[in-house]
Amino acid sequence: MKTKLFELFQKTFESTPILAFAPGRINLIGEHTDYQEGFVFPAAVQFGIWVGIQKNELSYCRLYSLDFEEEFTFDWTSFSPKKGHWSTYVMGFLAQLKQAGYPFKGFDMMIGGDIPVGAGLSSSAALSVSIGTALSSLYDLKLSPISISKYAQNSEHQYAGVHCGIMDPYASAFGKKDQALLLDCRSNQHQEIPVHLGEYSLLLVNSNVKHSLADSAYNQRRAACEESVEILKKFYAGIQTLRDVKVSELEKVQQLLPGSLFPKAKHIISECERVHAAATALQSGDLDSFGKLLNASHQSLSQDYKVSCAELDFLAEKAQDFPGILGARMMGGGFGGCTINLIKTSTVSDFLEKIQQSYPTKFGLNPSFISVEVSEGARIVG
Ligand code: GLA
C-alpha cells in the first residue's frame, strides 16, 4: 500500500509526498468506559491508513481516496465539512486547525488503507490521526499525539455525530509494538504493559453484522451514564463520573436509580475494575485469569450494558466453550463488529472450522477471521 500510494501520488499530483501512517486498534478490555473517564486497555494493530501529502500552489485542496477511487476538491479559504463523506475527516480536521489559528494553504492529499472494513478496528480514528500526523509534518505544526487524538475525537463528535471517547484515536496515536496501553481516560496518561502471549494469540472473529442503529444506541448509552451520575451526585457529592463510584457504593443506592440505569452504571464501574485486574494478570503472565476477565466483560456488556447482539453472543459463547480459548468477548462499541479471542495458536484452524460450520447456518452470514499483532502507533513513514 505504501509504495502504491507513493507512486500514484507522484503520477497524479506531479510532486513527491510526505507519507504518514496511523494504525487501527484493538481493545483488550475496558469497553464503554472511556466516556466516563474510566480505564481502557487498547493497542495499535498492524493495519492502518496511509496519507500522502504535499503543498500545491493552488487556491484549492485536491484529495484522492484509493479505497473509494474518488477525488474531491475544496477551496481551502472557505469550506464546510459534510457528514457522511470520507472528505469530512480531512475538512473536519482542517476546520479545527484553522479555528485554533494554524496557518495552511493549498495541498494535495492521497488516502489509502488496509483496515478490514466494518470490523470495529476504528478506521475512522486511524484516518483522522493519519491526516493530523501528515498535516503536522507538512506545516511543521509540531502537534502532540494527544492534541491529534483530541482533534480526531472532536471530528467524530462534530462531523460524524458519534459522541465517542478518546480511546480509539489515542491508541492509534500512542500505540507501541508489543505493548498494550493501560489508559486513564481522565488524566489521558497511559502505562505500557507488554503483551507476551507465549503459545497464545489474539484472533478477531468478525460477525459481519452492521447494525444501523449502533451510533444512536452508543449516544443513548452515554446519555444513560450521565443521567446516573446526576442522580448519584445527590448522594455522593464529590463524584464527577461513574469512575468515581465503587460497585459497593452503587449497590447501597440502587433504589435511587431507575431499573434500566442500575445495570448500566454497574457495567462501567465493574469494567474499570476488570481493566486493572486484566493489566495485572497480563503483566504477571497469568493468561488464565486474563481470559476469565474477558469472559466476564462480555457477560457484563451483553447482560448489563446491552450492547451485544445475538451474533456476537453466539460467537463469544462458542469461543468460551472451545478448549483452546482462554477468553473471548465482543470488542468495541457493539451491535456488530468483532469478538476478540485469546486462543492457543495451535488450535486456530480447528476453531475456524467450528465457527465456519455453525455460524453461517444459524445467521446466514459468513464470519471472517483477523489475526492481529500489537504494533507501533502513528508516524511519518516516508
Ligand atoms: C467506540 C468508541 C470508543 C469507545 C468504544 C467502546 O469504539 O469510539 O470511544 O467508547 O466504542 O469501548
Side-chain angles (χ1 to χ4, degrees), residues 22-45 47 89 92 115-129 146 148-175 180-186 188 190 204 206-207 209-211 213-226 241-243 264 267-272 274-275 278 293-294 297-298 300-302 304-309 312 329-340 372:
R25 64 100 189 92
I26 49 168
N27 187 19
L28 296 178
I29 193 165
E31 224 61 90
H32 284 272
T33 47
D34 57 353
Y35 50 78
Q36 279 294 304
E37 300 182 337
F39 295 86
V40 291
F41 202 15
V45 294
F47 311 106
Y89 287 97
I115 303 187
V117 178
L121 289 172
S122 295
S123 52
S124 62
L127 174 58
S128 283
V129 172
I146 189 65
I148 292 181
S149 308
K150 285 182 180 167
Y151 285 129
Q153 180 190 16
N154 204 36
S155 275
E156 296 286 350
H157 287 198
Q158 283 197 27
Y159 308 110
V162 184
H163 295 277
C164 62
I166 192 81
M167 171 170 74
D168 305 346
Y170 192 102
S172 178
F174 285 90
L181 312 177
L182 173 57
L183 168 63
D184 177 338
C185 299
R186 172 167 284 164
N188 288 333
H190 71 270
L204 306 184
N206 190 350
S207 65
V209 172
K210 179 85 190 93
H211 198 294
L213 295 177
D215 290 354
S216 61
Y218 184 93
N219 292 343
Q220 282 163 13
R221 291 300 179 284
R222 184 174 180 142
C225 292
E226 285 159 8
T241 63
L242 291 172
R243 174 235 173 96
K264 295 195 174 69
H267 163 74
I268 304 290
I269 302 169
S270 62
E271 184 80 347
C272 285
R274 282 187 288 274
V275 171
L293 290 158
L294 298 186
S297 171
H298 184 82
S300 179
L301 285 159
S302 174
D304 288 343
Y305 212 57
K306 302 218 178 309
V307 288
S308 186
C309 58
L312 288 171
R329 62 174 200 86
M330 55 152 280
M331 189 184 79
F335 303 103
C338 288
T339 55
I340 178 164
V372 282

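Please read all numbers here as calculations on a predicted model, not as lab measurements. Values below: all heavy atoms of this structure, side chains included; hydrogens, waters and symmetry mates excluded. In listed order, ligands and their atoms are each counted from 1.
Under the 3.5 Å distance criterion, the side-chain polar atoms of S207 are matched with a main-chain donor or acceptor of G337. Looking at N27, its side chain does come within 3.5 Å of a backbone N or O of F41 through a donor-acceptor pair. At distances below 3.5 Å, not a single donor-acceptor pair connects side-chain atoms of R274 with backbone N or O atoms of L293.
For S122, the side-chain contact (heavy atoms from CB on, under 4.5 Å) partners at least two apart in sequence or on another chain are R25, A125, D168.
Side-chain contact, E156 with S124: a donor N or O sits under 3.5 Å from an acceptor N or O.
From I146, atom CD1 reaches atom CG of N188 across 4.0 Å, with rounding to the nearest 0.5 Å.
Residue-level contacts of ligand 1 at the 4.0 Å heavy-atom threshold are R25, E31, H32, D34, Y35, C164, G165, M167, D168, Y218, G332, G333.
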